[in-house]
Amino acid sequence: MCLAIPMRVISVDGNLGRVEASGALLTVALDLVEGVQPGDYLLVHAGFAIARMDADEAQENLDIIKRLTESPEP
Amino acid sequence: MILLGHGSGGRLSHQLIKEHFLPHFVNPALALLEDSAVLDDLAFTTDAYVVTPRFFPGGDLGRLAVSGTVNDLAMVGAEPIGLSAAFIIEEGLSFEELDRLVVSMSLTAKEAGVPIVTGDTKVVPKGACDGVFITTAGVGRIDPGFRPSPVKVRTGDVVIISGTVADHGIAVITRREAIRIEGELSSDVAPLVPLVRALRDAGLEVHAMRDPTRGGVAQSLIEIAAASQSRIVLNEKAIPIKSAVRAACELLGLDPLYVANEGKLLLLLPDARAQAALKVLKSHPLGEAARIIGAVETGQPGLELITTLGGTRRLRMHSGELLPRIC
Amino acid sequence: MTSPREQIERYLRRLADWRGDELTFMEVCGTHTVSAARSGLHSLLPRSIRLISGPGCPVCVTPVSYVDHALALSKLPEVTIVTFGDLVRVPGSSANGPEKAPPSLAWAKARGADVKVVYSPLDALELARELKDRQVVFLSVGFETTTPVIAAALQQAIDSGIENFSLLTANKTIIQPLLALGTSSEIKIHGFLCPGHVSVVIGSNAYRSLAEIHGIPCAIAGFEPLEMVRAIVALTEQVSQNHPRVDNCYRAAVRPEGNSKALEVMFKLFEPCDSVWRGIGEISDSGLKLRAEYRKYDAAQRFKVELPPVLEPLGCRCGDVLRGVISPSRCGLFGKSCTPDSPKGACMVSSEGSCAAYYQFRQEDGK
């Protein structure tokens, strides 16, 4: 179960974080993670960040997704 | 009892039409169940429009009400010649909002090159409808030399889409209630009439056209596959989608192939005509991102997808309402 | 650098090298089920490796009695039911009754009940703030990924003094059913593809007893097909080396100890309880309920409603499907009286349910 996707932190305001993935923007609650900084990658589930991801591996993850789904330019 | 899912364009909608309307309204023009009915050299269609919210990035209810109907005419190859517009208005709607919608309808009709020639207005008590519902109908003239229909689809045809998928559905759902995803999520709602005109003027042999609205690309192609008893194979990797739209789909657990478009065209035509058709589409702003996404092959009728992973799966009609899920 | 496609092909070649007995791996997570189905993964695996679906779809394992309870609450005039989209179409008990339409929340809504679908429990909280004269009941289902999120939302409600908010809980934990399945004599499972996002919270250490004491290979997987294939390779290696362990193939997000803050928030408000799993029965300590001091936020305590006798759908084999004993197509109702349009069992309702995924995505001649 449990859909969650990695999103990059743009800004932090109290327990709310502004996050981004491929141009989709969302505000998420940071109640369940600690020490979040802009540039971090968070795993987002049902409006909350449920984990801070290792930045390199998160990026690798996103790269995989991107390369697998990207279609060549027409 | 009727559920919201019966209006989703998926299997439940089909059942509703098949079991509750068709047995009573029996006639040859309806039986084809195309986007428009064809009566001699005229195409005729109608659609009711309700959308929440009424204003969304990239469009509004008024633009939708005109585009949807002229697109249905265009899909049978017709040139729209007149539209009607009927408004059911909930008491309390502001004049300002009504004016915005009407101006939007007028601008969209100009884009499509069709006049709105007749109309009707009813006002209902508060609570009897939500704001305003708009029903439009349209008449178009058929060019006998350009008459696409799903039954003409043949093995060896290719499937072309005129641009990115799922833009409209995602723009609307992410403005609804609590799901506030932002970014480059803008509806593609537009009249496809100029694009279809260009295809017709180019003298291309087009077998079938469909604007993949409710139910998305999957639903439209499933219907074409059924009508033509053909096997359509899509290449997932070739299907254009904006990255923000893809991310929003992942967040909400939606399959972009089942999400609505309101300004896209699916085109099925012989392989030998594909490059010419792409050239025509790409020379128009509405078709800039046009691309071949699949082909009609021999085999069991239905719609299949070659996934980005290289696996194969069969796409079936969606059963009900698209709901965001967390699991 | 090798492309993901090449990597997958390399992994698949390694799997094709397996020369031993047929291996049965269970993907525990419904999102894995959907990802495998959507990507056509089953069509790529060698015939000697079988991937079956387990009890990781919260909607599928939630018993009929829970839906009955939610339906009963939805009849109270002051109650607004707020739920994730996943639960809306799950039928309750009297699906077998004289009514042709199964009584789901979608059905209740069409009959005038106030049912709202949200993406986050925070949206439910927002509704409680707005609708001051209503009682907002949030349907609290899910595993350890979702329960901390719900707990955090409830904590916010408590902190801001919102009283018209409560939870109908049926939250579940994952390790206990895995133990039950892994040690069952009914079916031989050669390894678990462990749920990535549950593991983010509970940590990879949580599976150690499964591997080290009970000898069942475990591999934690992310949700991209490539990550799933990588984990299947890891499980196959564990089998061939006869060395059951926990391989963490989702290191980007899963740490050995999990997310301690999420666990802390969850266990502050919730405590373990025995819980009924559809098709599996009651498993001790496999659920989470609100602690005594937070009972007043428990909708089951706040509202007393009469519940109909529980009627499981006749002939439905969701339980056998959830335990991996049969594939969906071997249920007599599958594709006949039970379809995604008129689901009899929960596995057909949720799009990540095994039966629905099977129906929606597999080829007719599916392996």
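All values reported here derive from a predicted model rather than from experimental measurement. Letters go in sequence order (proteins before strands), and every chain restarts at 1.
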Pair C:Thr146, A:His45 - check side-chain contact (heavy atoms from CB on, under 4.5 Å), show working. CA-CA 8 Å; C:Thr146 313; A:His45 171 69; 2.9 Å; yes

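- With a 4.5 angstrom heavy-atom cutoff, C:Val149 touches chain A via backbone and side-chain atoms both.
- Looking only at side-chain heavy atoms (C-beta outward), C:Gln156 and A:Asn15 come within less than 4.5 Å of each other.
- Nearest heavy-atom pair, A:Leu43 versus C:Ala253, reported as atom, atom and distance to 0.1 Å: CD2-CB, 3.8 Å.
- Heavy-atom distances place both the backbone and the side chain of A:Ile50 under 4.5 Å from chain C.
- Annotation: C:Asp159, atom CG; neighbour count of heavy atoms from other residues, nucleotides and ligands within 6.0 Å is above 12.
- Under 3.5 Å, the side chains of A:Asp31 and C:Gln155 contain no donor-acceptor pair of N or O atoms.
- The two residues A:Ala29 and C:Leu122 make their nearest non-hydrogen contact at CB-CD1, 3.7 Å.
- Within the 3.5 Å criterion, the main-chain N or O of A:Leu32 finds a donor-acceptor partner in the side chain of C:Asn259.
- With a 4.5 Å cut-off on side-chain heavy atoms, C:Tyr119 and A:Leu26 count as touching.
- Across C:Met266, C:Glu264, C:Arg251, the residue that shares the most heavy-atom pairs under 4.5 angstrom with chain A is C:Arg251.
- Counting non-hydrogen atoms of other residues, nucleotides and ligands closer than 6.0 Å to CZ of C:Arg129 gives a total above 12.
- Heavy atoms only, all atoms of each residue included: A:Phe48 and C:Ala152 are closest at CE2-CB, 3.4 Å.
- The CZ atom of C:Arg255 lies 9.0 Å from the CE atom of A:Met53; values are rounded to the nearest 0.5 Å.
- For a residue to count as touching a neighbouring chain, one of its non-hydrogen atoms must lie under 4.5 Å from one of that chain's; by this rule A:Val28 does not touch chain C.
- Of all heavy-atom pairs between A:Ala46 and C:Pro121, the closest is O-CD, 3.7 Å.
- With values rounded to the nearest 0.5 angstrom, C:Phe223 atom CZ is found 13.0 Å from A:Ile5 atom CD1.
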